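Scroll down for the structure; my scribbles are underneath it.
Model, not experiment: these values are computed from the prediction.
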Amino acid sequence: MKSLQPGDPASIGGYRLLGRLGAGGMGEVFFGRSAGGRPVAVKVIRSEYAGDSQFRERFAREIEAARRVGGFHTAPVVDADPAADPPWMVTAYVAGPSLHDAVAQHGPLPADALRTLGAGLSEGLGAIHACGLIHRDLKPGNVLLADDGPRIIDFGIARATGAGAAMTTAGAILGTYLFMSPEQTYGRQAGPASDVFSLGGVLAFAATGTSPFDGDSLPAVIYRITSEQPDLSGVPTEFGLRELVAACLSKDPADRPSVTDVLRQLGDTVPGDGWPPATVLDVPSGPGPTVTDSAGAGPAPEPVRGAAPGG
């Protein structure tokens, strides 16, 4: 966590701000405390975007989506004011690094931790889908590794099931291309199976340290997602993980397992099954990466090598 900078507010909505957890092109996330002393993460949209109706709409939808899913699988929303100037949202502080940071600093997760990660993410996606929502931006930076299991965060581009075409900014399809489903790269409607594809990509990243569709340019990444089979040679075979990830990454949504199928195939996991991974305990914790530029605040998404982020 970094210190507050000159010009940073001392408080937002009655929450005292104590430090910075993350910052991006559209907003910032602060560490703070409630009046009763509870630790919180305060997400604030930059004032220059506060007058943009599209950003306000996305931010309000993120708040609504996070509240609908609840705190068992996410960082629960405790307060918010999307109509404020600037708009803000407060969530409970989740002590744990992002999957992206944990793998970047300590390498891939072992098979038992991967199994627990997959089970927790499947359960979380099931809760999201049960609310009639599609996350549409599941990626390593949007997964927090809490002591009691993974948390899925950043609902900035979540949409209701059956909603129309993907919302765009400056004509760009939202989301991070490395973990997008083929249907998302085509700009088509994304259903629950799209989140399953992203789940497969996230598990492959956790197992190998790279996206299964990594490439030297954005067109190359998109081509690999839509037309080539992923390289899963580094994914462990234990617990049927490699076979399961391959199924999640099927090009045709109809060929992918449901989140219920994924959870069933992974079997029962309990605290202690390689969780939390020992190396994660050494990674600075906190919900710094809980928001990304694709959602209107926070650090920029993980870029494609040699290309601009898919943002």
Residues Thr91, Val40; criterion side-chain contact (heavy atoms from CB on, under 4.5 Å); working and verdict: CA-CA 6 Å; Thr91 66; Val40 294; over 6 Å; no
field: Intermediate values then yes/no, salt bridge (charged side-chain N to carboxylate O under 4.0 Å, His left out), Glu62 and Lys43
entry: CA-CA 11 Å; Glu62 176 180 1; Lys43 177 177 179 178; 2.5 Å; yes
message: Assess the residue pair Glu123 and Arg151 against the criterion (salt bridge (charged side-chain N to carboxylate O under 4.0 Å, His left out)); give the C-alpha distance rounded to whole Å, side-chain angles, the decisive distance to 0.1 Å, and a yes or no.
response: CA-CA 10 Å; Glu123 186 177 55; Arg151 305 285 184 95; over 6 Å; no
field: side-chain contact (heavy atoms from CB on, under 4.5 Å) assessment of Ile134 paired with His129
entry: CA-CA 6 Å; Ile134 311 300; His129 297 164; 4.2 Å; yes
task: For the pair Val202 and Phe179, evaluate side-chain contact (heavy atoms from CB on, under 4.5 Å) and give the outcome as yes or no after the intermediate values.
output: CA-CA 7 Å; Val202 167; Phe179 300 94; 4.3 Å; yes
message: For a side-chain contact (heavy atoms from CB on, under 4.5 Å) check, start with the C-alpha distance between Val221 and Leu178, then their side-chain angles and the critical distance, and finish with the verdict.
response: CA-CA 7 Å; Val221 169; Leu178 281 170; 4.0 Å; yes
task: Just do the salt bridge (charged side-chain N to carboxylate O under 4.0 Å, His left out) check on Asp112 and Arg115 with the steps written out, would you?
output: CA-CA 5 Å; Asp112 55 353; Arg115 181 190 184 196; over 6 Å; no
query: Between Asp195 and Arg136, does a salt bridge (charged side-chain N to carboxylate O under 4.0 Å, His left out) hold up when you go through it step by step?
result: CA-CA 6 Å; Asp195 282 346; Arg136 296 176 60 247; over 6 Å; no
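Counting all heavy atoms, side chain and backbone alike, Met180 lies closest to Gln184 at CA-OE1, 3.6 Å. Residue Leu21 comes nearest to Ala41 through the heavy atom pair CD1-CB, 4.1 Å, listed as atom of the first residue, atom of the second, then distance. Of all non-hydrogen atoms in Leu249 and Pro230, the two that sit nearest each other are CD1-CG, 3.8 Å. The minimum heavy-atom distance between Leu241 and Ala111, with the atom names listed, is CD1-O, 3.8 Å. Across every non-hydrogen atom of Asn142 and His135, the tightest pair is ND2-CE1, 4.1 Å. Closest approach of Ala193 to Arg256, counting heavy atoms only: O-NH1, 2.8 Å.
Judged by distance alone, with hydrogens and angles left aside, the side-chain atoms of Ser34 form a donor-acceptor pair with the main-chain N or O of Arg38 at under 3.5 Å. Between the Lys251 side chain and the Glu228 main chain, a donor and an acceptor come within less than 3.5 Å of each other. A donor-acceptor pair under 3.5 Å links the side-chain atoms of Arg224 to the main chain of Pro212, judged by distance alone. Between the side chain of Arg242 and the backbone N or O of Val235 there is at least one donor-acceptor pair closer than 3.5 Å.
Here the OG1-CG distance, from Thr237 to Leu244, works out to 13.0 Å after rounding to the nearest 0.5 Å. A distance of 7.0 Å separates CG in Leu145 from CG in Leu117, rounded to the nearest 0.5 Å. Once rounded to the nearest 0.5 Å, the distance linking CG of Leu18 with CG of Asp8 reads 12.0 Å. Atom OG of Ser122 sits about 9.5 Å away from atom CD of Gln265, to the nearest 0.5 Å. In this structure, OG1 in Thr185 is found 10.0 Å from CG in Leu218, a value given to the nearest 0.5 Å. Here Arg68 contributes atom CZ and Ile63 contributes atom CD1; the two are 14.0 Å apart, rounded to the nearest 0.5 Å.
Ring geometry for Phe205 against His100 counts as parallel: the plane angle stays under 30°, on a 0 to 90° scale with 60° as the upper cut. Ring geometry for Tyr93 against Phe31 counts as perpendicular: the plane angle is over 60°, on a 0 to 90° scale with 30° as the lower cut.
By the 4.5 Å heavy-atom criterion applied to side chains, Trp88 and Ile45 are not counted as neighbours. For the pair Pro87 and Asp81, the minimum side-chain heavy-atom distance is 4.5 Å or more. Contact annotation: the side chain of Val42 never approaches that of Val29 to less than 4.5 Å [non-hydrogen atoms, C-beta and beyond]. In this structure, the side chains of Leu121 and Val259 stay at 4.5 Å or more apart for every pair of heavy atoms. Between Leu203 and Cys248, every side-chain heavy-atom pair lies at or beyond the 4.5 Å cut-off. Side-chain contact between Leu144 and Pro97 is absent, with no heavy atoms from C-beta onward closer than 4.5 Å. With a 4.5 Å cut-off on side-chain heavy atoms, Arg46 and Pro86 do not count as touching. A 4.5 Å side-chain heavy-atom check between Leu114 and Phe239 finds every atom pair outside the cut-off.
Figure legend: Arg56 and Phe59 shown without cation-pi pairing, the cationic atom not lying both under 6.0 angstrom from the six-membered ring centre and within 45 degrees of its axis.
In the hydrophobic cluster analysis, where Ile, Leu, Val, Met, Phe, Trp and Tyr join through side-chain heavy atoms closer than 4.5 angstrom, Leu263 is grouped apart from Trp275. Cluster annotation: Ile153 is not connected to Phe72 through the hydrophobic network of ILVMFWY side chains, with a link wherever side-chain heavy atoms come within less than 4.5 Å. Following chains of ILVMFWY side-chain contacts shorter than 4.5 Å, one can reach Leu266 starting from Leu199, so the two form part of one hydrophobic cluster.
Dense packing is recorded around CZ of Arg33, with more than 12 heavy atoms of other residues, nucleotides or ligands lying under 6.0 Å away. Counted within 6.0 Å of CD on Glu243, heavy atoms from surrounding residues, nucleotides or ligands total 12 or fewer; the atom is thus considered open.
For the residue pair Ser250/Asp252, the side-chain donor-acceptor check at 3.5 Å is not satisfied. In this model, no donor atom of one side chain and acceptor atom of the other lie less than 3.5 Å apart for Ser211 and Asp214.
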